[in-house]
Chemist: 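Quick one: structure below, then a few questions.
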Amino acid sequence: MPKQFGQILVKWAKENFRELPWKEDNDPYKIWISEIILQQTRISQGLPYYLKFVKKYPDVFALAKAPENEVLKLWEGLGYYSRARNLHHTSKVIAFEFNGRFPNTYEELLKLKGIGPYTAAAIASFAFGKSHPVVDGNVLRLISRYFGIENSIDEGQTKKYIEAICESAIRDQDPAIFNQAIMDFGSQICSPKKSKCENCVFQSNCVAFDKQMVSTLPKRTKKIRKRERYFLFVIEHKDGKVIIEKRIAEDIWKGLYQFPLIETTKVNFDSNGLKEIIDQKYDVEIETISQSITNVLTHQTIRVKFVFTKNFKIGKGQKRIKTASIYKYAFPRVITRFLDELSWD
DNA sequence: AAATCGTGGGC
DNA sequence: TGCCCAAGATT
């Protein structure tokens, strides 16, 4: 790593500076909220949620005092809901155990739920000026290409190697500026596709550019296995009320609500005898069944049908709510999208 | 260590 | 269209 790497990076960033709302002041709370929201999430997708969160919960006490369901409702649609649950959990730790004082070291931050190596480094540097490099997807890509690292970035060793490189690079720089710069550069110039190599300030030293490996680096070895699942959501709309239940299992959408669910097999899902399948679990009369809706997630493809019924016998863990108060509960996207199309005549 | 956790945009 | 990917963390 040439010593000028950090300098060149910071110089580039100052010429391409863009203000981010959570960096207006150095409020660790706001920086924390923004970093959790931005995990595996693009700024354009996360920004509206950030604005909602700091408006409704201006400080850690406001967040800590809120009920979890309310926090999940605000998070609805953003995905990876454990982030919201951990965010809320950690807000209570900070508010009630630390009396609202935010941990200000990398090591202490790392102990908090939902804060891993990236987020600890981000908060430590952006809020407290501590010298810890952020190593996110942008950084892994940039460093892999610059050094021509052909080992998979999925491996812990590779990540540690890149972290070590960044620790030396950040040393002589302002930590916050360096971290912002390296991520901005990775996302704007050293992008996954259509990298802007023509006018890249690192072109002459970049191994990947020299060896024409820009499009093949970084390497990944993990392959995603996708499961197929088949969900029947049973809806009973009666007297302006519907029945819902909370997802509590260690599974997708934990903490969110849904209509009573029957998970079934492909054969049953596609068969004409869906009634028997439903009868096995619930004592109901079936009216209509929606067409199959496909919900593609990272690790599973879920086929969903909505089954409209009468005389549903309510069971444990289920409750009737007014349709007018559905908006208070957080639902998975596949359900909110369906509800948006629906009018409860 | 490897699998899992959502959603939406880009091509 | 189907696949990749996105300011990762947890178990």
Side-chain angles (χ1 to χ4, degrees), chain A residues 18 20-23 30-50 72 75-87 89-90 109-126 132-142 152-160 163 166 176 178-188 190-195 215-216 218-227 229 247 249-256 294-302 304 330-337:
Chain A
R18 52 179 180 146
L20 297 172
W22 44 88
K23 308 246 168 88
K30 290 185 181 173
I31 290 169
W32 170 54
I33 299 286
S34 72
E35 293 299 342
I36 300 299
I37 286 175
L38 290 180
Q39 287 168 5
Q40 295 292 283
T41 304
R42 288 186 168 78
I43 290 179
S44 58
Q45 190 188 359
L47 182 55
Y49 286 84
Y50 169 80
L72 281 168
W75 199 273
E76 180 186 68
L78 194 53
Y80 286 158
Y81 297 94
S82 66
R83 291 183 294 170
R85 299 193 308 268
N86 289 336
L87 185 77
H89 172 91
T90 294
L109 289 163
L110 206 48
K111 292 178 185 169
L112 300 172
K113 267 194 183 171
I115 297 183
Y118 164 79
T119 307
I123 299 173
S125 62
F126 295 139
H132 295 277
V134 290
V135 180
D136 70 338
N138 293 310
V139 177
L140 291 173
R141 184 175 57 252
L142 168 59
S152 168
I153 57 168
D154 295 336
E155 290 168 20
Q157 290 185 359
T158 311
K159 224 181 156 186
K160 279 192 174 177
E163 276 165 6
C166 292
F178 176 90
N179 277 340
Q180 189 58 49
I182 197 168
M183 288 192 290
D184 281 353
F185 192 89
S187 73
Q188 293 174 41
C190 200
S191 38
K193 294 162 193 166
K194 293 189 175 181
S195 318
S215 61
T216 59
K219 288 194 175 168
R220 296 179 187 276
T221 48
K222 275 188 197 164
K223 27 190 131 173
I224 295 173
R225 294 187 192 286
K226 242 177 202 167
R227 272 200 293 165
R229 298 177 77 177
R247 293 182 64 86
E250 289 302 321
D251 192 4
I252 192 171
W253 301 324
K254 182 182 173 188
L256 304 199
T294 301
N295 189 200
V296 180
L297 313 179
T298 304
H299 287 88
Q300 39 190 303
T301 299
I302 304 176
V304 175
F331 291 89
R333 254 319 207 198
V334 66
I335 291 181
T336 59
R337 224 179 273 126

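A note on names: the letters A, B, ... follow the listed sequences, proteins ahead of strands, and every chain is numbered from 1.
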Chemist: Considering every strand and a 4.0 Å limit on heavy-atom distances, what is the contact class for A:Gly77: base, sugar-phosphate, or nothing?
Modeler: sugar-phosphate
Chemist: Could you give the distance separating B:dA1 and C:dT10 at their C1' atoms, to the nearest angstrom?
Modeler: 13 Å
Chemist: Between A:Gly137 and A:Lys193, which is nearer to the 5' end of DNA chain C once each is assigned its nearest nucleotide?
Modeler: A:Lys193
Chemist: How would you label the contact of A:Leu78 with the nucleic acid (heavy atoms, under 4.0 Å): base, sugar-phosphate, or nothing?
Modeler: base
Chemist: Between A:Asp154 and A:Ser82, which is nearer to the 5' end of DNA chain B once each is assigned its nearest nucleotide?
Modeler: A:Asp154
Chemist: Mind checking if A:Gln180 touches a base, just sugar-phosphate, or nothing, with heavy atoms under 4.0 Å?
Modeler: base
Chemist: Classify A:Arg42 by what it touches in the nucleic acid, base, sugar-phosphate, or nothing, heavy-atom distance under 4.0 Å.
Modeler: base
Chemist: Just call it for A:Lys113: base, sugar-phosphate, or nothing, with non-hydrogen atoms closer than 4.0 Å on any strand.
Modeler: sugar-phosphate
Chemist: Counting the atoms with a prime plus P, OP1 and OP2 as sugar-phosphate, which does A:Gln300 contact under 4.0 Å by heavy atoms, base, sugar-phosphate, or nothing?
Modeler: sugar-phosphate
Chemist: For A:Ile43, answer base if it contacts any base atom (sugar-phosphate contacts may also be present), sugar-phosphate if it contacts only those atoms, and nothing otherwise; contact means non-hydrogen atoms under 4.0 Å.
Modeler: base
Chemist: Base, sugar-phosphate, or nothing for A:Arg141, non-hydrogen atoms under 4.0 angstrom?
Modeler: sugar-phosphate
Chemist: Pick base, sugar-phosphate or nothing for A:Val139, based on heavy-atom distances below 4.0 Å to the nucleic acid.
Modeler: nothing
Chemist: What nucleic acid atoms does A:Thr119 come within less than 4.0 Å of, heavy atoms only: base, sugar-phosphate, or nothing?
Modeler: sugar-phosphate
